[in-house]
2 protein chains.
Amino acid sequence: MSGKDTYKDLLKTGNLKSTKHRNALLETLEQSGLPLTAEELFLRLKEKNVSISLSTVYRILETLVDKGFVIRSQLATGNKALYELSHKDHHHHLHCVRCRQIFPVDGCPLEDYEQLLADRFGFTVTGHNLEVFGYCEKCKDHKQDG
Amino acid sequence: MSGKDTYKDLLKTGNLKSTKHRNALLETLEQSGLPLTAEELFLRLKEKNVSISLSTVYRILETLVDKGFVIRSQLATGNKALYELSHKDHHHHLHCVRCRQIFPVDGCPLEDYEQLLADRFGFTVTGHNLEVFGYCEKCKDHKQDG
DNA sequence: CTCCAAAATAAGAATCATTCGCATTTGCAT
DNA sequence: ATGCAAATGCGAATGATTCTTATTTTGGAG
């Protein structure tokens, strides 16, 4: 499951060398079903005894985003960027404003909308970003607490 | 048009004092149909001969966001936050990845979706953020240029 | 109108995420 | 096995945003 070359072929399609750091980082992203910050990735890699520097984490992420293997997003409220694999099915996340948990939701309500934008404004959509905020099932009763 | 107390009543509803800085900042946001960064606001205020410090711009924006008068958003690709008035009709923006222009689009495709999230996941939506990326009409022919 | 306490602002230091520079190491084609 | 380009480590640099403290302004009470 946790081979050191698991992502060799993927990396090769981007003309990227297969290094232990890149493989471990991709594996960590894959194991986490949810988007992670650079620092979270850094810490999880350390837990796996992968010796890596934080700037390398950032550099690898930048490279993978450029190649389209990873998606970077940034919450309106947060200062840190989030990263997740892009080879999965298109989906979005629900952000609970109370417990801060993130819930993935398969599917996307925007396909028709993108066509409408093309028709009405001549805008050629290449991607989008959707964050939904609110209260998750467990927290909805505490909506007043602040 | 450009009275110094134009937003006095609005500010009062938030228990905020009516200061020249807050009025001028709100006026500047209103005059710009598009979201602005803190620094852009700072510069536009200087052009209007409003003497203000950048940290005050940030502090006022934070206050207005807390009160719900201003909406803060952050692009997945960008490092700077964007601010716009929230008393207008709900809308979204198209971001041209080539010329960097921002195009507002009235309306929102997500109303039904939010109800679906409530029904299926018990998630109580309080807000959302949608960025759409692509090529505007003028730039779409240069999609290959990079 | 004057005075006061609370709120707001200026100025710049501090913080935090992210990027950069350069010396060293590693992957991989030959 | 060898060499060179690509990748990494480490710490310094950057840039947006926040914080600290002294000073000024606002809005209400008298």
Side-chain angles (χ1 to χ4, degrees), chain A residues 3-26 28 35-43 45-46 48-67 69-70 72-83, chain B residues 3-26 28 35-43 45-46 48-67 69-70 72-83:
Chain A
K4 51 189 73 161
D5 273 349
T6 315
Y7 300 92
K8 187 170 190 171
D9 293 340
L10 176 70
L11 289 165
K12 184 172 281 184
T13 67
N15 284 318
L16 300 175
K17 288 184 178 176
S18 172
T19 70
K20 68 168 183 248
H21 298 93
R22 286 173 176 167
N23 279 282
L25 190 150
L26 285 164
T28 306
L36 299 175
T37 66
E39 193 178 11
E40 284 167 344
L41 273 164
F42 174 66
L43 293 174
L45 287 166
K46 286 196 119 171
K48 291 181 174 188
N49 293 312
V50 175
S51 162
I52 192 171
S53 89
L54 183 55
S55 50
T56 299
V57 172
Y58 276 106
R59 224 173 347 214
I60 291 177
L61 286 169
E62 183 187 19
T63 303
L64 296 176
V65 167
D66 283 349
K67 295 296 181 181
F69 299 152
V70 164
R72 177 190 154 131
S73 59
Q74 186 135 10
L75 298 191
T77 50
N79 33 345
K80 303 182 190 178
L82 294 169
Y83 301 87
Chain B
K4 49 191 72 163
D5 273 349
T6 316
Y7 299 93
K8 187 170 189 169
D9 293 340
L10 176 72
L11 288 165
K12 184 171 281 183
T13 69
N15 284 316
L16 300 176
K17 290 184 176 175
S18 172
T19 69
K20 68 168 185 248
H21 298 92
R22 286 173 176 165
N23 279 283
L25 190 151
L26 285 164
T28 306
L36 299 175
T37 66
E39 195 178 10
E40 285 168 345
L41 273 164
F42 174 65
L43 293 174
L45 287 166
K46 288 195 117 170
K48 291 181 175 187
N49 293 313
V50 175
S51 162
I52 192 172
S53 89
L54 183 56
S55 51
T56 299
V57 172
Y58 276 106
R59 205 162 352 87
I60 291 177
L61 286 169
E62 184 186 18
T63 303
L64 296 176
V65 168
D66 283 350
K67 295 297 180 181
F69 300 151
V70 165
R72 176 191 152 128
S73 59
Q74 186 136 7
L75 298 192
T77 50
N79 34 342
K80 302 182 190 177
L82 295 169
Y83 301 86

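In what follows, every chain begins at residue 1, and chains take the letters A, B, ... in the order their sequences are listed.
- For dT8(D), neither phosphate oxygen OP1 nor OP2 lies less than 4.0 angstrom from any side-chain nitrogen or oxygen of T56(A).
- Note: NZ (K12(B)) to C1' (dG28(D)) measures 11 Å, nearest angstrom.
- Going from atom CG of L11(A) over to atom P of dA6(D) covers 15 Å, rounded to whole Å.
- Between L75(B) atom CG and dA16(D) atom C1' the separation is 14 Å, expressed in whole Å.
- For the pair Q74(B) (side chain) and N79(A) (backbone), a donor-acceptor distance under 3.5 Å is absent.
- By the side chain to side chain contact (heavy atoms under 4.5 Å, CB included) test, K12(A) is found to be paired with no residue, residues two or more places apart in sequence or in another chain being considered.
- For the pair K80(B) NZ and dA16(D) P, the computed distance is 5 Å after rounding to whole Å.
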Mind listing the N/O atom pairs, protein and nucleotides 18-26 of chain D, below 3.5 Å?
from	atom 1	to	atom 2	distance (Å)
dT26(D)	O2	K17(B)	NZ	3.0

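- Partners of E62(B) by salt bridge (charged side-chain N to carboxylate O under 4.0 Å, His left out), not counting sequence neighbours: none found.
- Note: CD (E39(B)) to P (dG15(D)) measures 10 Å, nearest angstrom.
- Screening N23(A), L25(A), L16(A) against Y7(A) for a side-chain contact (heavy atoms from CB on, under 4.5 Å) leaves a single residue, N23(A).
- For the side chain to side chain contact (heavy atoms under 4.5 Å, CB included) test, residues two or more places apart in sequence or in another chain that qualify with K46(B) are F42(B).
- Nucleotides of DNA chain C that come within less than 4.0 Å of any heavy atom of chain B span, from the 5' end to the 3' end, dA6(C) to dG12(C).
- Put simply, CG on L61(A) is 11 Å from P on dT8(D), counting in whole angstrom units.
- Straight-line distance from the CG atom of L16(B) to the C1' atom of dG28(D): 17 Å, rounded to whole Å.
- Looking only at atom types and distance, the side chain of S18(A) has a donor-acceptor partner in the side chain of D5(A) under 3.5 Å away.
- With hydrogens and angles disregarded, no donor-acceptor distance shorter than 3.5 Å links the side chain of R72(A) to the backbone of V65(A).
- Of the possible polar contacts, one joining the H21(B) side chain to the S51(B) backbone as a donor-acceptor pair under 3.5 Å is found.
- Every salt bridge (charged side-chain N to carboxylate O under 4.0 Å, His left out) that K48(B) has, sequence neighbours left out, goes to E27(B).
- As rounded to whole Å, 15 Å separates atom C1' of dA7(D) from atom CG of D66(A).
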